[in-house]
Protein chains: 2
Amino acid sequence: MSRPREFDVDRVLHQSMEVFWNKGFKATSYEDLTRTTGVKKQSFYCVFNDKRTLFLKALVRYREHSIAILEKLEAQKMSPLDKLESLRESLLDEEVSCRGCLMVNSAMEFGTEDDQVTGEIELMFAEAEHVLEKIIISGQEQQLITTRYSSKELASYLHNAIIGARIMEKSGASREQIEAVLRVSFSLISP
Amino acid sequence: MSRPREFDVDRVLHQSMEVFWNKGFKATSYEDLTRTTGVKKQSFYCVFNDKRTLFLKALVRYREHSIAILEKLEAQKMSPLDKLESLRESLLDEEVSCRGCLMVNSAMEFGTEDDQVTGEIELMFAEAEHVLEKIIISGQEQQLITTRYSSKELASYLHNAIIGARIMEKSGASREQIEAVLRVSFSLISP
DNA sequence: TCACTTCTTGACTACATAGTCAACAATTTA
DNA sequence: TAAATTGTTGACTATGTAGTCAAGAAGTGA
């Protein structure tokens, strides 16, 4: 009953996430959000409450989206090494965009000052490492990956290298530089 | 002649750098700067021009200070491996402060939107990698460090791992987690 | 002591932006 | 068609802050 909403909440949430990803939380104004989504400020308040709540919803969406992609990769019928190789290449493609990773960006912007934001970031990181670990475990079982370190250690290690690359990208490093670093980093896992 | 300045410019610059380091560029207000240094806004304008100019001076100071520490380490009479070990430990000590690295923080805050800021960051990174490379070269000469990769590649690799650790720190990772990642990362360099 | 110069201070301007409010529009159901 | 309900809109409030200005304070040198 009553007047129906004129916009698609899901579409607006997605576009808002893109704006936050490009500009960061504080630097994003309602004017930015309105320009991108066509939705006026008060409508945001009706649906998402305040800016921070909208941002948290955007983080959740980003995490679910990113982890889904990772899990799809993990579930594919291919060698663990090829999975990691594919991941490494996808990083290089994405790097071009120069936006970095929304979670890493947010970790830098918020530090540890907002418990819910920090929680969302830690969840994302934990889930990402968990998928990495699954790939590594199967690689270790097939003697394709070193067992000098535990699967957990290697997952954390790779994750850290990836995060570093995400920073290089934001500080203007060339594709070649990032490629070189990732190549060396990923080579550690061989037996 | 005329009235002498009441504050030490160098002291104020150093304290301003600390504020920027703690809060970031945009989030730092003149109120913050005045509270920390005791110097009023207009005096800042007299000596440092605007906020961005002050920030650039703070970046230069940070870079010079950080590189000086690194070079002091490099110049010491000890094994290259011990130098790297010492560096790794000093990272862990610093991590506690939770502030990350001012250059990394600034890279994230500014992206590539300010040429002078980007230039300062790239200079810092290049200088840091150069010192790392000097240590690595001498390690390779003494067969203490792998020659599977060039000294340049290894320097970039280590630098990237360190930057990653600086991010972990800001996103609330424990000392143990950071220690584990750095341990694995540094182990790659053995022959 | 006095003129001159530079520093210091607080008030002021201009602007951006998060969040609120109340009037109005559009739709459903009785 | 009319009442009820909910979405939409633009104007409004409150606040924070970068940067400016002019008056006055505190030194210096003749």
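Only this structure's heavy atoms are used, side chains among them; waters, hydrogens and symmetry mates stay out. Labels below follow one simple rule: chain letters A, B, ... track the order of the sequence lines, proteins then strands, and each chain is numbered from 1.
At the heavy-atom level, Thr34(B) lies nowhere under 4.0 Å from the strands shown.
Here Tyr149(B) and Tyr157(B) keep their ring centres 6.0 angstrom or further from each other.
Distance Tyr30(B) OH to dT15(D) P: 24 Å, rounded to the nearest Å. Here dG7(D) presents its C1' atom at 15 Å from CG of Asp8(A), a figure rounded to the nearest Å. The distance between atom CD of Glu31(B) and atom P of dG19(D), rounded to the nearest whole Å, is 16 Å. dG19(C) atom P lies 13 Å from atom NZ of Lys26(A), rounded to whole Å. Phe25(B) has its CZ atom 13 Å from the P atom of dT17(D), to the nearest Å. Rounded to whole Å, the distance from NZ on Lys23(A) to C1' on dT17(C) is 12 Å.
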Determine all donor-acceptor pairs shorter than 3.5 Å in which one atom belongs to a side chain in residues 31-40 of chain A; sequence neighbours excluded.
from     : atom 1 : to       : atom 2 : distance (Å)
Asp32(A) : OD1    : Arg35(A) : NH2    : 3.2
Asp32(A) : OD2    : Lys23(A) : NZ     : 3.3
Asp32(A) : OD2    : Ser29(A) : N      : 2.9
Asp32(A) : OD2    : Ser29(A) : OG     : 3.2
Thr34(A) : OG1    : Tyr30(A) : O      : 2.9
Thr34(A) : OG1    : Val39(A) : O      : 3.0
Thr36(A) : OG1    : Asp32(A) : O      : 3.1
Thr37(A) : OG1    : Leu33(A) : O      : 2.7
Thr37(A) : OG1    : Val39(A) : N      : 3.1

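Using modelled atom types and a 3.5 Å distance limit, the side chains of Ser171(A) and Glu122(B) yield no donor-acceptor pair. For the residue pair Asp50(B)/Thr53(B), the side-chain donor-acceptor check at 3.5 Å is satisfied.
Near-neighbour residues of DNA chain D inside residues 35-52 of chain B, defined by a heavy atom below 4.0 Å, number-ordered: Lys41(B), Gln42(B), Tyr45(B), Asp50(B), Lys51(B).
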side-chain hydrogen bond (donor to acceptor under 3.5 Å, both in side chains) between Gln140(B) and Thr147(B), worked out:
CA-CA 6 Å; Gln140(B) 286 177 322; Thr147(B) 50; 5.9 Å; no
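Residues passing the side-chain contact (heavy atoms from CB on, under 4.5 Å) test with Thr112(B), sequence neighbours excluded: Thr118(B).
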